[in-house]
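Below is one structure, written out as structure tokens, with a few remarks after it.
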2 protein chains.
Amino acid sequence: MARPQKFTTDQILDAALTAVQQHGPAATMADVARAVGAPMGSMYYRFPSREHLFIALWLRSIRHFHAGLLEALTIEDPRTALVAAARHIPRFCRAHPDVALALTLYRQTRLVQSAPAELVEEVRTINEPVLEAMARACTRRFGRATPKRLDLVRTACQASPYGLVRPYVGGPVPLWLDAVVTVSTEAILALGDPGA
Amino acid sequence: MARPQKFTTDQILDAALTAVQQHGPAATMADVARAVGAPMGSMYYRFPSREHLFIALWLRSIRHFHAGLLEALTIEDPRTALVAAARHIPRFCRAHPDVALALTLYRQTRLVQSAPAELVEEVRTINEPVLEAMARACTRRFGRATPKRLDLVRTACQASPYGLVRPYVGGPVPLWLDAVVTVSTEAILALGDPGA
DNA sequence: GTTCATTTAGAACCTCGCTTCTAGTTGGGA
DNA sequence: TCCCAACTAGAAGCGAGGTTCTAAATGAAC
């Protein structure tokens, strides 16, 4: 009945990725339209505003990024799992520099307050699968997941590795960084051991 | 001969700091003018453009931040010095959350390419004192400062600690983070030891 | 007291980019 | 073949914010 769409939503988001790579976080709707080869107005049939489009890109990038993180956390041995999760971060940024750059478009804490109403819920809960998987690994590793230990695990496996690759995000991520991430994560996790 | 200025340049930059705290990196010239209590036009007698003003704020914030870093690096014992430099980062962010937030306004690598001509030189060389101090500490610690080891020292004493506090920048920085920074920095530095 | 460069002061202007509007196109169903 | 909803297409509108303009005020030097 309806005319088929010339561009899929994913194609538009891919174009947004390109636009961000070329023009940084200030990429315009016109940049996205040019990258996908469609006119400005067409964008607004899929996304009610620029903000919707770029938040959608951010959410898709987060989910892409989380996939490997969640897979690493399914590893049985909790030490191996947590270090694998940490190492996934530089590897992902190396393999998908454009997606990694899109991750820096927003920060969840700010976005929860400023996002359009219909996206707030998704923004608010985007991290939950990973947090739950980390909590499970934390329990297996330390016997019990106190709030303090959970903070430590998140710091060891997310904040630290991400902080280490951040200077390189968007460009080539050196290989020696993986060893740095590993020893840092292990050292931080050791702080949670009962005897520490 | 001339009428004395009602607002010092530092007062304007302080106001810009406030504006960034309140409105984020998209703070406008009007926000700054309101914060200092001056009209829009007056801003342009000190700074030829918005970009000049905000880059000046960034540069001043970096220098403020570097002061403590350089002081830590004067410590004789290189191990102590490097860890002290690392620990300075969360402490600074805790003591000066607004300045820390201003540090996130730009990244040097991008800025070197996009800054107005008359600021490029200062942007390009802003890190040199710290880099030199780190190179000296690196030499004292490892006997010789190979490029690889220098990268490692920068990663251990800058990238890692900064990455660890980044999620908290702008708000309260938890005290337990200092211990995390310490063990992470020590673990990364250990990778540079001859036997490692 | 007069002079005058400098700064304040705020309104006007102008550019840029998001958004909306109107027209034209497409292609499946009746 | 005709219809019509969904989409493409690009131009026009509109607002926000950076920048500029003009006038007035200030206070040190003479």
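The shown structure was predicted, so the numbers you read here are calculated from the model rather than taken from an experiment. By convention in this document, chain letters (A, B, ...) are assigned in the order of the sequence lines, proteins followed by strands, and residues within each chain are numbered from 1.
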(message) Checking A:His52 against A:Glu118: is there a side-chain donor and acceptor pair closer than 3.5 Å?
(response) yes
(message) Using a 4.0 Å heavy-atom cut-off, does A:Phe7 contact any base of the nucleic acid, only the sugar-phosphate backbone, or nothing at all?
(response) sugar-phosphate
(message) I'd like to know if the side chain of B:Asn127 pairs up with that of B:Gln108 as donor and acceptor (distance under 3.5 Å, no hydrogens or angles considered).
(response) yes
(request) Measure from CD1 on A:Ile12 to C1' on D:dT8 and round the result to the nearest Å. (result) 11 Å
(request) Nearest whole angstrom, please: distance from the P of C:dT20 to the CE of A:Met43. (result) 15 Å
(request) Rounded to the nearest 0.5 Å, what's the gap from CG on B:Leu53 to OH on B:Tyr44? Could you check? (result) 8.5 Å
(request) Report the distance from atom CG of B:Leu53 to atom C1' of D:dG18, rounded to the nearest whole Å. (result) 12 Å
(message) What is the separation between atom NZ on A:Lys6 and atom P on C:dG24, rounded to the nearest whole Å?
(response) 18 Å
(message) Need one value for B:Met40: base, sugar-phosphate or nothing, where a base atom within 4.0 Å counts as base even if backbone is also close, heavy atoms only.
(response) base
(request) Calculate, to the nearest 0.5 Å, the distance between atoms CG and CZ belonging to B:Leu69 and B:Phe92 respectively. (result) 10.0 Å
(message) Whole angstroms only, please: what is the CD-P distance between A:Gln11 and D:dC7?
(response) 14 Å
(message) Whole angstroms only, please: what is the CG-C1' distance between B:Asp31 and D:dA16?
(response) 12 Å
(request) Would you indicate which nucleotide in C:dT19, D:dA9, C:dT8 comes nearest to any side-chain atom of A:Ser42? (result) D:dA9
(request) Starting at atom CZ of A:Phe54, determine the distance to atom C1' of C:dG17, rounded to an integer number of angstrom. (result) 12 Å
(request) Could you state the atom-to-atom distance from CE of B:Met29 to C1' of C:dA11 in whole Å? (result) 16 Å
(request) Verify ring-ring contact (aromatic ring centres under 6.0 Å, His included) between A:Phe65 and A:His88, making sure each step is shown before the conclusion. (result) CA-CA 9 Å; A:Phe65 170 63; A:His88 169 256; 5.5 Å; yes
(request) Check every atom of D:dT8, C:dA9, C:dG17 against the side chain of A:Thr28 and return the nucleotide holding the closest atom. (result) C:dG17
(request) Take B:Arg50 and B:Tyr45, find for each the nucleotide of DNA chain D with the closest heavy atom, and name the residue whose nucleotide sits nearer the 5' end. (result) B:Arg50
(message) Below the 4.0 Å mark, does D:dT8 have OP1 or OP2 next to a side-chain nitrogen or oxygen of A:Arg46?
(response) yes
